[in-house]
Each structure stands twice: as C-alpha cells, then as structure tokens.
Number of protein chains: 2
Amino acid sequence: MNSPRGAEILGQDPLVTNDAAAASTPSTLEIPGLTSSRLSPSGYIAPQDVGAKLAIIMVGLPARGKSYIVKKLARYLNWLQHRTRIFNVGERRRKIAQSKLGGEASESPPTTPSSLSSARFFDPTDPNMVSLRDQIALGTLDELLDWLLRDGGSIGILDATNSTLQRRQLVLFRIRQRAGPQLGVLFLESCCYETELLETNFRLKLAGPDYKGQIPAQALADFCQRVAHYERSYVPLGVAEEEQGIPYVQMIDVGRKINTHLIQGFLSTQVVDYLLNFNLSERQIWISCNGGSFDDATGKIGRNSNLNDNGWRYARALARFIQKQREDWEKMRRQRVASGRTWPLGKISTSSRTSNNRSRPPVSSRDSRPRNICIWTSMMPQAIQTAEPFPEDLYIKKQMKMLDDLNAGTMAGLSFDEIAVLHPAEFAARKRDKLLYRWPGLGGKGYVDVINRLRPVIMELERIQDHLLFVTHRAVVRVLLAYFLGLERDDLADMVIPKDSVFCLEPVCIIHNLSL
Amino acid sequence: MNSPRGAEILGQDPLVTNDAAAASTPSTLEIPGLTSSRLSPSGYIAPQDVGAKLAIIMVGLPARGKSYIVKKLARYLNWLQHRTRIFNVGERRRKIAQSKLGGEASESPPTTPSSLSSARFFDPTDPNMVSLRDQIALGTLDELLDWLLRDGGSIGILDATNSTLQRRQLVLFRIRQRAGPQLGVLFLESCCYETELLETNFRLKLAGPDYKGQIPAQALADFCQRVAHYERSYVPLGVAEEEQGIPYVQMIDVGRKINTHLIQGFLSTQVVDYLLNFNLSERQIWISCNGGSFDDATGKIGRNSNLNDNGWRYARALARFIQKQREDWEKMRRQRVASGRTWPLGKISTSSRTSNNRSRPPVSSRDSRPRNICIWTSMMPQAIQTAEPFPEDLYIKKQMKMLDDLNAGTMAGLSFDEIAVLHPAEFAARKRDKLLYRWPGLGGKGYVDVINRLRPVIMELERIQDHLLFVTHRAVVRVLLAYFLGLERDDLADMVIPKDSVFCLEPVCIIHNLSL
C-alpha cells in the first residue's frame, strides 16, 4: 500500500522505541493535578508515555450515531484534561473532493470529485474505489498517529465505519507498525436496531454535508444504496476480535446493551464507564450561581455565607422563571405527543463549538413522558437558600458536597483585591496557571480538584433523564460549563460568569439574565 | 407454592405502598456524608426509599465463581456504606439438611437430609426435588426481601444458580409481588469457558462444605453429575431477558467479556463499574503509614511534616523488607513455573471475616509473569520521604492526592490531647460518630470523604495486576484496611494502627512489625 507520507512512516516512530522507561512502566491512573510520577509530574499523560495513550477506532454502518458518540466522548475526555482529538475519515474524503474542485491536487484519487460523496464511491466490488477508500482511511489514521506520537496527544479517535474485517486488520497493522505494541487500542462499535432511532439518524444524515442542497428523494435513494454497499461486507465486532485478543466495546441502541471485551488500561475503563451512562433523553439543564450573599457583596471568596436581600430576590425570581420554563416545556411536550411528532429538529443542536448537523443526538419519541426537575445544590448555605423558594413537592432537591465552592484555603474570606495586595506572589502564581493552581493551606484546592470531584456528578447527570437545575458557585459553574461547551483548558478558568443569571443547556446554550 | 411465612407475604409489603413520596422520586446518586436530601438526609439510602434499593440475582452453573464474585462485590458495596447482605441458597439447603439430622423439622422436605447435598437433589426430572428446590430458593429470597423492605437493607444479593428461565420468572414474580415495581433488580451471571479456570473452581468446590470428608473420586463424580443436571435445563441470560426489558450483567471468564443490558440506577452502575475492574491476578498488597515525622513525635495531626531520624530508619527498613519479600515471591513464582504447578492452594485465602473455602479466588497459571511493584504514596512529604529509599529503577512510584491524610480543618497541628482540652465539644462529637464526623473549618473532612476519594484508587488497584505498596496516613490506612477486611462501619474508625508496621494482604492479612 502506498502512503502519502512516504518512507519515514514505514518504521516505528523514533519516539516510540527510544524510551525504555516508558515501555516497561505499566500505565496506571493519571489525573492531572492529583497524581504525580517521574514520567508525568503534572498528572498529564507524558508525551513519551505511549503505553498510557489510547487509539479509539470506531466501527459501525453509516448513520449509527458514531459521530455523535465520538463528539460527546471527546468532550468528556478533554474535560478530564486528557488531550483528545477526533480524526474523521468522511471529512478527509470531502476535503479531498473539495480540493479537486478547487484544482489543488495533493493526492490523486482516480475518480472525479463529485463521486466521492455518491454511493458509487462506496461500492465494495469496485477495486479502484476500495483502494481509494483504504488510502483515505490510512491517511486519516496517520494523522491520528502523528497526534499521539509526535504532537503530545493522549487519545486519538478514528471516526470511520471500519465495518469490514479487512479494514480493521489494516488499521491495526498500521498502528502496531508505527506505534509498537504498547499503544492502547480500543475498537468501539455503535449498532442500531431500533427502527425509530435509525429513521431519525437517516434524516439527520440527509441534512448533512454529503447531501446539502440535493433533492430529498434522490439523496435518500443514494444514501440507502451507500448503506447497502456497506452492509454487504459488514462484520460486527465479535469472534474475530476475541480470537485475536483485541479489546472492544459494542454499544447497541445507544446504551440499551453494551458488550465489552478485554477492557484494559485506565483510559479504556474511563471510556466504558462513560458510555455506560449514555442516554438521549430530551431535557433541559440549568446552571446558576447562588443568589448574592453577604460575602459576595464585599467580594470575599470561598466561605459559607447567607443570602442578602438581593440574593433572596434572585432566589424567588429563579423559582418563578424555572416554573414558567417548565410549563412551556410541558406544553410543547403535550402538543408534540398529541400531534404524534417527534421533537422538532430545529430545537436540537449541540453547543456552538462542536455544532454541525451530524452531531445532533438521535431523537426518539419513546421518552415523551413528563419530566421531573431535579435541583442539585452544594452544601453551602448560600446555595441551599437559593433553592429554598422551590416547593419541595414539585422539585426533587439534593445537596451535594461535590458542588461546594472551590476551597480557597488560607485565602478564604479575602477579596481578590486584598489577595493581590496582601499575597502578591499567590495572586501572580494563580494568574500564571489558573487550572493547575491550588490555593495555599491544607484545604486549598484548584480547578483540577473541582473537575475531579465533579466526575461522579457528570456521570449521574448523564445517567438520569430528568431536567436538572444546578445551584452552585462561580468556579464550579465554570467547570460545569466547560464540560457542556467543550471549553479548552485556558478558556475554562477565565470565563466570565455574570451574576443573577442562569445558563440553559438544551443542549443549545442560552444565557438568561433575570432582571430583578 | 407454599410459603413458610404464610399469607402476609401474598400482598405487597406495607412499607412499599405507603410512601408515595419515595415512589415518585427518581433515585439519584446517594453518597453517605456527601449527598443530602429530604428522604436521605445523611446520604444513606433511606429505609423507605425502595426505588433506590437493589436486588442482585445471581445466575450461573455451579462452580462458576459466583460466591467469590458476590463476596467481593458485597465487601465493596458495604465499604461504600451501602448496607449489603448476601443470601445464599446453598447455605439454606445445608442448614435444612442439618436441622433434619438434628431432628428439628421446621420445614418438611419430602426427602432424607443427606440427599440435600447429593446429585439426586438436583435432578430436574424429579418433580419432588424441583418443588423442594423452588421452596428453598423462595424462602431465601423472602429473607432477602425482608432485609430490603423491613430491616433497612439497601442491597440484597441472592447467591444461587437461578439457571433456568422458569426459576428466574418465579424469582422476579415474587419480587414484584412483594416489593412492587420500584425496587431495582439486576441479574448477574458468571460464565466460565476457560478450562483452567473451571478446573480450579471444581477443585475448590470439592474442598467445600458439600463434600467435606468424602472420598475425592466419589465426590468429583457426584459433583459432575450435579453440574450435568443443571446443564440440561440451563439457559444463560439473553434473549428472554431482553424481550422483557430486564436489566442484566453477564461476566464471561471473570472480566474477559462483560455484556450488560439496560443498566439503570446508580447502584447498578456502581456494580457494573466494579465488575469491569475485576482481575484474579496473584499478588501482594502492602499498606504502611509514613515513617515517624516530627509532628508524629509530638502527636500533632493532619499537617505536612518531615521524617525524623526514626522515620528515616523505618523508611530504609521498609525498603529492605519489601525487597526481600519481592525476592521470596519471585523465587516461589519461578519454582511454580518450573514445576508447572499453579499457585499452592494453601497460600490463598480471603480475610478471616469472609473466609471459607468457597470464596477463594480461582487461580490461573496464565498470570505467572514476573510482577512489578507499584508504590503509591500521598503527596505529603512524610509519605513521599518514606518511599525515597526505594530505587526508582526497581519500583514504579506514583504520588496521589487521594492518599493524603484526612484534613483536620482548623484542628490540624493540634494533638488529640490538646483537642480534648481546647475543643471538648468537637472531641465529643467526633467520638459519638467517627465515620460521619467532619473536622470543623472549610477544608475539614471526615472518614466518609476519605472513602469517597479512595474509590478511584480502589478501582485502579483492582484493575492492575502488579504488587502494590501504599504509603499513606493512619486514617487512610484504616479506610484501605476496611475495604480489604470487610470491616463494619464501627470497626473502621476505631481500628488500632500500630506505628512502624506494614500490613500485607495476600489476600490473607498478616501484620509485620519491623523491629528497628
């Protein structure tokens, strides 16, 4: 097979063979800021620690929600501070087609650009097309391996169908050839058998980049033919992988069934853990800081404090606002159930950063039941009090220690201005790296600690199917938003969180300022 | 079918129907001390919150490691402070047989006592035996339901084969009849296909209570016939459960493959999470406090402190001792590999509390490779320094924030004597309930916090296959030992941890006092 990157990739990457220490070390738990070792002093997976890294290879027929799963998973892993990137074979194919149209021929597929999106391209009996598809797939895989082996990435996800045994062998061969035996590999398949789920996925596909602007009936016919081409040679994960001892996860109907095989390595375990908590329930997630407290009024940070008059006003306004939103949502739900329609597509979209049509969640009418609203607050009085105006019989309240404010250690009770004057060194150190910075003193914590203690909360929120209102504190709101919006490391800690406002993730992120 | 408990159990238990609030509340994450709600102020699952509870129904042919899995799982769940109990059908059967021998006939099985252990009892074509077996199984299930519905239990595990569809239907019917629709049910099957694993399991079975003192060849023949009886009507979990929407987990060859179906509820998720990290690797786990520090010498608690001379002496003695242990272990391993023997059975046993022959781990010769030794310390200087004499090239060291000492809040830096005099109220409050007590001050923590932050460490230690040395602090050592020894709530916080000593879990617990 020919490679666009030439002879240099035929041997193992130099980085892989040269670090004997990394090779002999069994990889254990790495949590940025919370673990430290010679290889990974900061807890971030070290660039040379190939054994701790992971290549996730997606498997599945088209329109099985692979890209949706992949985007959500990557967002989660990045949030945990494991550097994760998605490598999408379809995007590379379209890029090549586009560069053909623009006349820039860097690789030369023996075909016309437009055919790279039509069903013909996916014909498994056409050897030209098979070879072209292999070439595009391996080119994308090489990008992924570059990211893992040279650019400091920790997890690379190959988003492609990889639906034949032959293709999966090819992928595995190339990985072992370039990355050696240590690199963790996890095959991850998405299968759909529920008709309703499949229909929604198909509809989303026709709105996607391959069929934009085409006549719907023609587009559908072409896409069905593409799927039929795949189905002819499709082999789900199973016996072949088990005989070869290859780790895999198979998700069936998005979380209904999950089969795992030989799950090893702490990253793989975290991936499976997350996938087990997947649901596609339609609901709203609201996030608010506590109403203004006496400490807030003077800018003092990190302590228990009671709400002041403004804070109580906000608490009551919040309860009225959420009640109104709930009624609107229920009205919409009843209309939808009455009309037999599934959720209007226009309402569903992921956050701006990861938004494109292909990542919309598949929608199912099965969960058109009325929703509860859970209210999760911290255990600090300013948060508990903010939830007080919500009647106990209409809302399910729970206090969680994990939602408590970032502990400012010996700086608790000071304002930022005071810290700048009294402890300029701490102020500067914090400014240099807010994410890894920890406040001084035994109880002093930092953003990495908050991420770590929110992990079970995120799992739980992904597991339940109800609406959810968080009432917590500025630093925690930042970390929650970072999860939902897929914020990068540096954006997280600097994000401005306006007071007296509540964020709504629907998953579209809208900010509501409650005028008091 | 006749029930020993009479008519009262034919309707739902009163507790189940009377609490509408509990019924309508979706169960979310409960972590003792870390979550709080109206129903569960302490974070412990409330007795009336049936929807948050879980009945785990084991499935599998005899000698598939069910009891081993069940004991380990129950130990973990109890350690997480979820009240868990195992209900073993075989034990009930033997108890009935024994009471017959003793002449106390409370139930009247139409058979002689000795036949309750012989293969005849398991003949699926003998209607008398089938009915007797159903009766014993349902009697055990009733005990389990009593525990969940009346005695404040959170998780009940029915340890039995439940290998036929008909039996599983019967069990499910009785659960729904007594506990209503809310109680969580999880079927958990253990399948073994690896010959080596099966052989070991069979050997262990013959050493167990059913065959004690019998001639080995006869015992083996009888046991094989018993298994053959089961196999005739055995139906693994699968299609039938999927059609009925019943949640299940299927473990194949102890963690090689895991299939899950409709996993819902936070307890089920935690169970699956734990099962995913199962391994049967033979290894040693060592647990030590840090060597003596300057603070230790004056009894001051909870602060960073450097080792004093005694501490450094202990650190060096510990390194020499572990190196010697490692050499002994390696020598034994090499002898074993050379002789082709698997691990000598006499060396394997669980802790005294859960010990009986049937809970021994199945042993496999596949993991007879040399073992690394990982050293996990806290991030406090007294622990890091204690690990300093271990050479970096022979030991894999990692520091973990999760292993830091219990944060004593505003009491850090005082001795217990000082606290008793200066803060008698705190001293008394702590004494009343050490487990739920939190030290005062923003950073102040308690044992429940330590349990919670050790959860990922326990997962990781269950996942990896290497020897492990923990160097941490007294409170953390207590919590770790509580996990390994299955200590009850009140034993945990009061356990005396001698200084300058290292615990070895093999899994037999031995304490080594290093004379300095």
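Chain letters run A, B, ... following the sequence lines, proteins first and then strands; every chain starts at 1.
- Of the listed residues (B/Gly43, B/Gly265, B/Pro41, B/Gly409), the one with the most heavy-atom contacts under 4.5 Å to chain A is B/Gly265.
- Residue contact with chain B, scored on non-hydrogen atoms closer than 4.5 Å, is absent for A/Ile252.
- Heavy atoms closer than 4.5 Å to chain B are found nowhere in A/Asp405, neither backbone nor side chain.
- Using the six-membered ring where Trp is involved, A/His82 and A/Phe266 have ring planes that are perpendicular, over 60° apart on the 30 and 60° scheme.
- Heavy-atom distances place the side chain of A/Met379, and not its backbone, under 4.5 Å from chain B.
- Panel note: side chain A/Gln399, backbone B/Ser36; no donor-acceptor pair is recorded below 3.5 Å.
- Counting heavy-atom pairs closer than 4.5 Å to chain A, the top residue among B/Lys397, B/Lys445, B/Met380, B/Glu392 is B/Glu392.
- The greatest number of non-hydrogen atom pairs below 4.5 Å with chain A, out of B/Ile263, B/Leu276, B/Ile31, is found for B/Leu276.
- Heavy atoms closer than 4.5 Å to chain B are found in both the backbone and the side chain of A/Arg256.
- With respect to the salt-bridge test (charged N to carboxylate O, under 4.0 angstrom), the residues A/Arg283 and A/Asp466 do not qualify.
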Item to complete: Report the C-alpha distance between A/Phe390 and A/Tyr395 in whole Å, list the side-chain angles of each, state the deciding distance to 0.1 Å, and finish with yes or no for ring-ring contact (aromatic ring centres under 6.0 Å, His included).
Response: CA-CA 7 Å; A/Phe390 290 84; A/Tyr395 296 88; 5.0 Å; yes
Item to complete: Could you give me the CA-CA distance, side-chain angles and deciding distance for A/Gln81 and A/Tyr44, then say whether side-chain hydrogen bond (donor to acceptor under 3.5 Å, both in side chains) is met?
Response: CA-CA 7 Å; A/Gln81 306 299 309; A/Tyr44 283 87; 3.1 Å; yes
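- Of the two parts of B/Leu403, neither the backbone nor the side chain holds a non-hydrogen atom closer than 4.5 Å to a non-hydrogen atom of chain A.
- Only the side chain of A/Ile464 has a heavy atom closer than 4.5 Å to any heavy atom of chain B.
- Heavy-atom pairs under 4.5 Å with chain B were tallied for A/Gly33, A/Gly441, A/Ser37; the largest tally goes to A/Ser37.
- Proximity of a side-chain donor or acceptor of A/Ser378 to a complementary backbone N or O of A/Thr472 within less than 3.5 Å is not detected.
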Worksheet item: Is there a side-chain hydrogen bond (donor to acceptor under 3.5 Å, both in side chains) between A/Gln385 and A/Asn306 once you walk through the steps?
Response: CA-CA 8 Å; A/Gln385 289 167 10; A/Asn306 289 316; 2.7 Å; yes
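- If you measure heavy-atom distances from B/Glu242 to chain A, the contacts under 4.5 Å come from the side chain alone.
- Closest approach of B/Leu442 to A/Ala412, counting heavy atoms only: CD1-CB, 3.8 Å.
- Side-chain atoms of A/Arg371 do not come within 3.5 Å of backbone N or O of A/His467 as any donor-acceptor pair.
- Among A/Gln264, A/Arg303, A/Arg453, A/Lys401, the residue making the largest number of heavy-atom pairs under 4.5 Å with chain B is A/Lys401.
- For chain B, the nearby part of A/Thr269 is the side chain; its heavy atoms alone come within less than 4.5 Å.
- Note on B/His261, B/Met400, B/Gln250, B/Glu460: by heavy-atom pairs under 4.5 Å with chain A, the leading option is B/Glu460.
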